[in-house]
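Shown next, in structure tokens, is the structure this report addresses.
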Amino acid sequence: MERIEQHASFGGRQEVWRHDSRSTGTPMKFGIYLPPAALRGEQRPVLYWLSGLTCNEQNFITKAGAQPFAAAHELIIVAPDTSPRGEGVADDAAYDLGQGAGFYVNASEEPWAPHYRMQDYVAEELPALVEQHFAASGARGIFGHSMGGHGALVTALRHPGRYRSVSAFAPIAAPSQVPWGRKALAAYLGADADRWREWDAVRLLADAPERLPLLVDQGEEDEFLEQLRPDLLRRACAAAGHALDLRVRAGYDHSYYFIASFIGEHVAHHARALAA
């Protein structure tokens, strides 16, 4: 573990760390905000943020404005990169596949399988690392945006009991049914569409053994609505009897301006669950 950035922020500290990942077989970076209590050595709950296509660990920590809310609620927030990177790591010329577009799955197909194990990384390796090296309790929440919103929903649904709360901004709710998701899942998992269901929140909701309430914000002016399909998420939750608070925000798009406008409400949502 090597700390490569640290900045005082709202009485706490925003840091960026780099380490060698056993999941991806590459160096990985993550941002971590440590609130005042954590700097004093008090164990605090951890909220994991998963970013969207083309992002890395920097986008959330510099644009979302989450630090004052994390400080007020004394929550640690961890924001990892979106994919493995580096020489020898498979990539694609398009923005929606390869480096910057890991989709938080465990790839089984070549040339992606050796490094693209982002589900193992965000669900298992990273929490273990954070809880070993920082003043982090075992209470966890997870949230994210777009591809990261997909990642947050799917990770919580695939690991019942691991998280106490989940939320998303403009998630790709049904990746097996939209172009972004079909392209990525076919590349990473192969042509068998039945395997894609394991990574599709809308499909997983039908048999979910745990019923964490879902909080989702969606911009009404989002230019990617046909890729996100919040209507399918609403329908799946209704059919499964799964609690969903889907808030469609008039005038908002897909950007971090949208995220920054409502990040405080999401952090408060998680803080309530993590304090229970």
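The shown structure was predicted, so the numbers you read here are calculated from the model rather than taken from an experiment.
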The criterion is salt bridge (charged side-chain N to carboxylate O under 4.0 Å, His left out); which residues satisfy it with Arg40, sequence neighbours excluded? Glu42
For this output row, return yes or no: ring centroids of Tyr48 and Phe143 closer than 6.0 angstrom. no
Considering residues at least two apart in sequence or located in another chain, which fulfil the side-chain hydrogen bond (donor to acceptor under 3.5 Å, both in side chains) criterion with Asn106? Asp120
side-chain hydrogen bond (donor to acceptor under 3.5 Å, both in side chains) pairs, two or more places apart, involving residues 266-276: Ser165-His270, Ser167-His266, Ser167-His270, Asp217-His266
Just grab all the ring-ring contact (aromatic ring centres under 6.0 Å, His included) pairs involving residues 199-238, residues at least two apart or on different chains. Trp180-Phe224, Phe224-His254
Going by side chain to side chain contact (heavy atoms under 4.5 Å, CB included), name the residues that satisfy it together with Leu39, two or more places apart in sequence or in a different chain. Arg13, Leu34
Once salt bridge (charged side-chain N to carboxylate O under 4.0 Å, His left out) is applied, what residue pairs with a partner in residues 59-73 remain, sequence neighbours excluded? none
Who are the ring pair (Phe, Tyr, Trp, His ring centres under 6.0 Å) partners of Phe103, not counting sequence neighbours? His150
Please report, to 0.1 Å, the donor-acceptor pairs under 3.5 Å made by any side chain of residues 203-211, with sequence neighbours excluded.
| residue | atom | partner | partner atom | Å |
| --- | --- | --- | --- | --- |
| Glu210 | OE1 | Gly161 | N | 3.3 |
| Glu210 | OE2 | Gly161 | N | 3.1 |
| Arg211 | NH1 | Ala240 | O | 2.8 |

Going by salt bridge (charged side-chain N to carboxylate O under 4.0 Å, His left out), name the pairs with one or both residues in residues 171-189, residues two or more places apart or in two chains. Asp96-Lys183
For Ser9, give me all partners under side-chain hydrogen bond (donor to acceptor under 3.5 Å, both in side chains), at least two apart in sequence or on another chain. none
Could you list the donor-acceptor pairs under 3.5 angstrom formed between side-chain atoms of residues 66-76 and any protein atom two or more places apart in sequence or on another chain?
| residue | atom | partner | partner atom | Å |
| --- | --- | --- | --- | --- |
| Gln67 | NE2 | Gln14 | OE1 | 3.1 |
| Gln67 | NE2 | Ile61 | O | 2.9 |
| Glu74 | OE1 | Ala37 | N | 2.9 |

Check: residues 129-137 side-chain donor-acceptor pairs under 3.5 Å, at least two apart:
| residue | atom | partner | partner atom | Å |
| --- | --- | --- | --- | --- |
| Glu131 | OE1 | Arg140 | NH2 | 3.4 |
| Glu131 | OE2 | Arg140 | NE | 2.7 |
| Glu131 | OE2 | Arg140 | NH2 | 3.3 |
| Ser137 | OG | Arg44 | O | 3.4 |
| Ser137 | OG | Ala139 | N | 3.2 |

